[in-house]
Each structure stands twice: as C-alpha cells, then as structure tokens.
Amino acid sequence: MTPHLIESPLDPRQAVLDQVCRAGDPWMATVGAGQTLRILDLEGNQAVDTLFYSAADPDERYSAADTIARNARLYLGAGSRLYSSEGRLMLTITADTCGRHDTLGGACSAESNTTRYALEKRPMHSCRDSFLHAMCHCREATTRGLGKRDLAPNINFFMNVPVTPQGDLQFADGISAPGKYVELRAEMDVVVLISNCPQLNNPCNAYNPTPIRLLVWDRPAAD
C-alpha cells in the first residue's frame, strides 16, 4: 500500500517551542489541546519511542489496543487517530512525510536486549531506561506522580516493524530520511514522553542513533 503523505503548512519560525533531543536522550513536555507537535527526524532512520498521558489524569494514557482497533490498521500515518485507555481521542496525525509508524515493536530494554541479542548487551542503554529517567527527573512526571508502573505499550515513530505471514515481527531497516516528520494535533491536554531510541543492535536507527527536533505550535487564531 502506498503511504498517504501530507506536508504541513506550519512555519517553524512561528513555533512556540523548538528543541533538539539528542541521540539516546528522553524528552518530556505538555502539549495543550489544539496545539500541534512535530517530531522531525533530523538525519534519517531514527526510531522515536513515544508515550502520551492525559495531563488532567495521567491514569488515562495512550492505548495501543484501542488505537489499532479503531483505526483498523497496525501502522499509523496521516489521518490516524490516537485513543486513550478510556476510549477517548487524544491526538490526530495531521501531517506526515514518512508514511509508516509502528505500534507493535515496543521499547527496547535491558531484558529484551539480552533475549534478542546477547547477554553482554544487558548493560546497554535502552528506551526503558530513558523513560524511567524522565519519570524521575522531569517536572511533568514528578508533579503528576508518574513512575515505573505507568509505562505502557508505546508508538515507535519512523520505525519499520513488518509482520511476517507467520505472525512474527521483524525489526527492519527504516524508511525515514533526513527531514521527514510527523505532526500530531492534541485533542486534549497531553503529556508527551519520548525516548529518542539508543538502539545499536538492529537497523531501526541504521545502527547510528541521531538527534530529533521537536516543535510545537499554538492553535491557529482562526480556530
């Protein structure tokens, strides 16, 4: 199926937030209802593991199961809607120049690195480490009491994880490229938690983790 690609009309010079998240680092921020978040792959083939929580009640968070079922697709793209554990609409993908974002691959961890690759990979930094670091140190997490128990199945933006005819998952080479991006409009106030994946053992980052750029725009005045 040919990806449905939509470019954004938004001007980076008008963004109210413009930050770079280094390779392997976490990033966390609150995006208000009506604001738009852009995740930009600066150098290409970088996996961006992402979770969303309701800012009003963090017990309500992104639900992979609800999102897959209600979109009737495993891979997200332009027009996809992201749903919460309460079945409410959290975000809508309004622009996308990559065309494929994974919902099944999950976040790498010390345990998965050991199981998939080798025992000596256990000490390597992982997305689970980044998520937990942010939950211990970022204001958005500490003021809401977010912690280890709040980790849930995440989205992997720009990551390519095909499902084989036998039902297995393959961590394949990415299909992103420098400058590709995805934009999401928040339909409620959401806390965004990102691990800019440090994975070195499979091709999701082209074996070379790189930085990403995060931009946020306010709701257009005409809305």
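Index from 1, following the sequence. All values reported here derive from a predicted model rather than from experimental measurement.
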Working note: Val182 + Cys98, criterion side chain to side chain contact (heavy atoms under 4.5 Å, CB included); need CA distance, chi angles, decisive distance, verdict. CA-CA 7 Å; Val182 59; Cys98 177; over 6 Å; no

Kindly determine whether Ile39 and Ile194 satisfy side chain to side chain contact (heavy atoms under 4.5 Å, CB included), including the steps that lead there. CA-CA 10 Å; Ile39 304 172; Ile194 285 174; 4.2 Å; yes

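A distance-only check finds a donor-acceptor pair linking the side chain of Ser85 to the backbone of Arg61 [under 3.5 Å]. Formation of a donor-acceptor pair under 3.5 Å by the Asn205 side chain with backbone atoms of Cys197 is found in this model. A donor-acceptor distance shorter than 3.5 angstrom exists from the side chain of Ser54 to the backbone of Ala56, with no hydrogens or angles considered. In this structure, Asn113 contributes its side chain and Arg122 its backbone to no donor-acceptor pair below 3.5 Å. The main-chain N or O of Thr67 is found under 3.5 Å from a side-chain atom of Asn71 such that the two form a donor-acceptor pair. A donor-acceptor pair is defined here as one N or O able to donate and one able to accept, closer than 3.5 Å; no such pair exists between the side chain of His133 and the backbone of Pro26. Not one N or O on the side chain of Asn196 forms a donor-acceptor pair closer than 3.5 Å with the backbone of Asp25. Using modelled atom types, one side-chain atom of Tyr181 and one backbone atom of Ser8 make a donor-acceptor pair closer than 3.5 Å. A donor-acceptor pair is defined here as one N or O able to donate and one able to accept, closer than 3.5 Å; such a pair exists between the side chain of Asp129 and the backbone of Ser126.
We find the CE-CG distance between Met90 and Asp189 to be 10.0 Å, quoted to the nearest 0.5 Å. Rounding to the nearest 0.5 Å places CD of Gln19 at 9.5 Å from CG of Leu215. Rounding to the nearest 0.5 Å gives a distance of 11.0 Å between NZ of Lys180 and CG of Leu40. Between the OG atom of Ser63 and the CZ atom of Arg70 there is a distance of 10.0 Å, given to the nearest 0.5 Å. In this structure, the separation between CG on Leu132 and CG on Leu151 is 5.0 Å, given to the nearest 0.5 Å. For the atom pair SG of Cys108 and CZ of Arg128, the computed distance is 11.0 Å after rounding to the nearest 0.5 Å.
Cluster annotation: Leu91 and Ile93 are assigned to the same hydrophobic cluster (Ile/Leu/Val/Met/Phe/Trp/Tyr, side-chain heavy-atom contacts under 4.5 Å, transitive). Phe131 and Ile155 fall into different hydrophobic clusters, where Ile, Leu, Val, Met, Phe, Trp and Tyr side chains are chained together by heavy-atom contacts under 4.5 Å. Note: the hydrophobic cluster containing Tyr75 also contains Leu104 (ILVMFWY, side chain heavy atoms under 4.5 Å, direct or indirect links). Val190 and Met135 fall into different hydrophobic clusters, where Ile, Leu, Val, Met, Phe, Trp and Tyr are joined by side-chain heavy atoms under 4.5 Å apart, directly or via other members. A single hydrophobic cluster is not seen to contain both Leu5 and Leu76; linkage of ILVMFWY side chains at heavy-atom distances under 4.5 Å, directly or through other members, places them apart.
Contacts classified as salt bridge (Lys or Arg N to Asp or Glu O under 4.0 Å) and involving residues 29-42 (residues at least two apart or in different chains) are given here: Arg38-Glu183.
Each of Asp102, Thr50, Thr103 was scored for a side chain to side chain donor-acceptor pair (under 3.5 Å) with Asn156, with one residue passing: Asp102.
Side-chain contact between Met28 and Leu146: present, with at least one pair of heavy atoms (C-beta onward) separated by less than 4.5 Å. Counting heavy atoms from C-beta on, the side chains of Met188 and Glu60 come closer than 4.5 Å. Taking the side chain as every heavy atom from C-beta outward, Val191 and Thr30 approach each other to under 4.5 Å. Side-chain atoms of Asp150 and Leu51, non-hydrogen and from C-beta on, never get closer than 4.5 Å to each other. Side-chain contact between Leu193 and Tyr53 is present, with at least one heavy-atom pair separated by less than 4.5 Å. With contacts defined as side-chain heavy-atom distances shorter than 4.5 Å, the pair Thr210/Leu42 does not qualify. Taking 4.5 Å as the limit, every side-chain heavy atom of Gln46 sits out of range of all side-chain heavy atoms of Ser176. At least one side-chain heavy atom of Leu200 sits under 4.5 Å from a side-chain heavy atom of Pro209.
Considering only residues two or more places apart in sequence or on other chains, Gln35 meets the side-chain contact (heavy atoms from CB on, under 4.5 Å) condition with Val16, Val31, Val216, Asp218. For the salt bridge (charged side-chain N to carboxylate O under 4.0 Å, His left out) test, residues two or more places apart in sequence or in another chain that qualify with Asp18 are Arg213.
Ring centers of Phe158 and His101: under 6.0 Å apart, within the cut-off.
Counting heavy-atom neighbours within 6.0 Å of Glu111 CD, excluding the residue itself, gives a total above 12.
Nearest approach of Tyr207 to Asn202, heavy atoms of both residues: CE2-C, 3.4 Å. The shortest heavy-atom contact between Pro211 and Val20 is CB-CG1, 3.9 Å.
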